[in-house]
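We use all heavy atoms of the structure for the numbers below, so side chains are in, but hydrogens, waters and symmetry mates are not.
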Amino acid sequence: MKTGKVKEMILVFFKGFVVSAGLIIAIGAQNAFVLTQGIKRQHWLIIPLICAVCDALLISAGVAGMGTIVSDYPEFTRYVAWGGAAFLFWYGFKSLQSVFRPGTLEESNRETSTVGKAVATTLALTFLNPHVYIDTVLLIGTIGSQFPDGEKFLFAAGAMSASFVWFFMLSFGGRLLKPMFQKTVSWQILDSFVCATMIFVGVSLII
């Protein structure tokens, strides 16, 4: 394979990585949940894996052309928005309760959620957020679909790689923050941040 062709393939992969990273590295409900579970060291491998795999599936669908289908049915995103907003408001309320009933990291670790609950929450935060479809299926999918057939896979692979790297970095980064969360005030600050994030994203979905 010629050197020029290899460089071109690497550039396409890098474009996918950069586009995806620019969209997912932002304060959001999903990222806040992954970070919180990383700090608690609860299901800190399966949660980022689910987030990354879901992104990969949606990116694949977008690059394959599903973005045009989604854009033709605005009712779909509207229903998802209302369902997502309701879930985020509920989650934000639970976080607000935690602000007034703070604990330490040891106390939080004793309140271990089941794998099923963690998976269900992760899937809800992913698929009940229209922004996820806009970022992965519409934006990344639209950009990726413009590449020739041989390069679409490379662009999609780059975009998926950014998602995997980000979510696992977020989860592992949470583990490194463990010493900070030996104090009650640290959990109050984090729960306040999560509450504000959930409510902000919820409101943004319905206005």
Closest approach of [X] and [Y], non-hydrogen atoms and distance?
{"X": "N129", "Y": "L125", "answer": "CB-O, 3.6 Å"}
{"X": "M160", "Y": "S60", "answer": "CE-OG, 2.9 Å"}
{"X": "S163", "Y": "I24", "answer": "CA-CD1, 3.5 Å"}
{"X": "I199", "Y": "F89", "answer": "O-CE2, 3.8 Å"}
{"X": "M198", "Y": "A32", "answer": "CE-CB, 4.5 Å"}
{"X": "A29", "Y": "T197", "answer": "N-CG2, 3.8 Å"}

Common cluster, [X]/[Y], ILVMFWY with side-chain heavy-atom separation under 4.5 Å:
{"X": "I47", "Y": "L128", "result": "yes"}
{"X": "L170", "Y": "L123", "result": "yes"}
{"X": "I50", "Y": "V115", "result": "yes"}
{"X": "V194", "Y": "F200", "result": "yes"}
{"X": "W44", "Y": "F167", "result": "no"}

Let me confirm one number: the [atom1]-[atom2] distance from [X] to [Y], rounded to the nearest 0.5 Å.
{"X": "E151", "Y": "Q146", "atom1": "CD", "atom2": "CD", "value": "12.5 Å"}
{"X": "S145", "Y": "I140", "atom1": "OG", "atom2": "CD1", "value": "12.0 Å"}
{"X": "L154", "Y": "F13", "atom1": "CG", "atom2": "CZ", "value": "8.0 Å"}
{"X": "F172", "Y": "R41", "atom1": "CZ", "atom2": "CZ", "value": "10.0 Å"}

task: Please work out whether the ring planes of Y133 and F127 are parallel, tilted or perpendicular, with thresholds of 30° and 60°.
output: tilted
- request: Could you tell me how the ring of F164 sits relative to the ring of F168: parallel (under 30°), tilted (30 to 60°) or perpendicular (over 60°)?
  value: parallel
query: Do Q37 and S171 have side-chain atoms, one donor and one acceptor, less than 3.5 Å apart?
result: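 S171 and Q37 do not have a side-chain donor-acceptor pair below 3.5 Å.
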statement: So ring pair (Phe, Tyr, Trp, His ring centres under 6.0 Å) across residues 135-155, not counting sequence neighbours, yields F147-F155
message: Evaluate L35 against L177 for side chain to side chain contact (heavy atoms under 4.5 Å, CB included), listing each step before the verdict.
response: CA-CA 10 Å; L35 178 63; L177 294 175; 4.3 Å; yes
- prompt: Under the 3.5 angstrom rule, does the side chain of T136 hit a backbone N or O of D55 as a donor-acceptor pair?
  reply: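 Pair absent, no side-chain N/O of T136 close to backbone of D55.
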- request: Keeping the roles fixed (side chain from Y91, backbone from C195), state whether a donor-acceptor pair exists under 3.5 Å.
  value: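 It does not hold such a pair.
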- request: Quick one: list whatever passes side-chain hydrogen bond (donor to acceptor under 3.5 Å, both in side chains) with W166, sequence neighbours left out.
  value: N31
Intermediate values then yes/no, side chain to side chain contact (heavy atoms under 4.5 Å, CB included), T126 and Q30: CA-CA 7 Å; T126 299; Q30 191 183 47; 2.7 Å; yes
message: Please list all pairs meeting side chain to side chain donor-acceptor pair (under 3.5 Å) that have one or both residues in residues 13-26, counting only residues at least two apart or in different chains.
response: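 Found none.
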task: Answer whether the closest heavy-atom distance between the side chains of L96 and D191 falls below 4.5 Å.
output: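 Of all side-chain heavy-atom pairs linking D191 with L96, none is under 4.5 Å.
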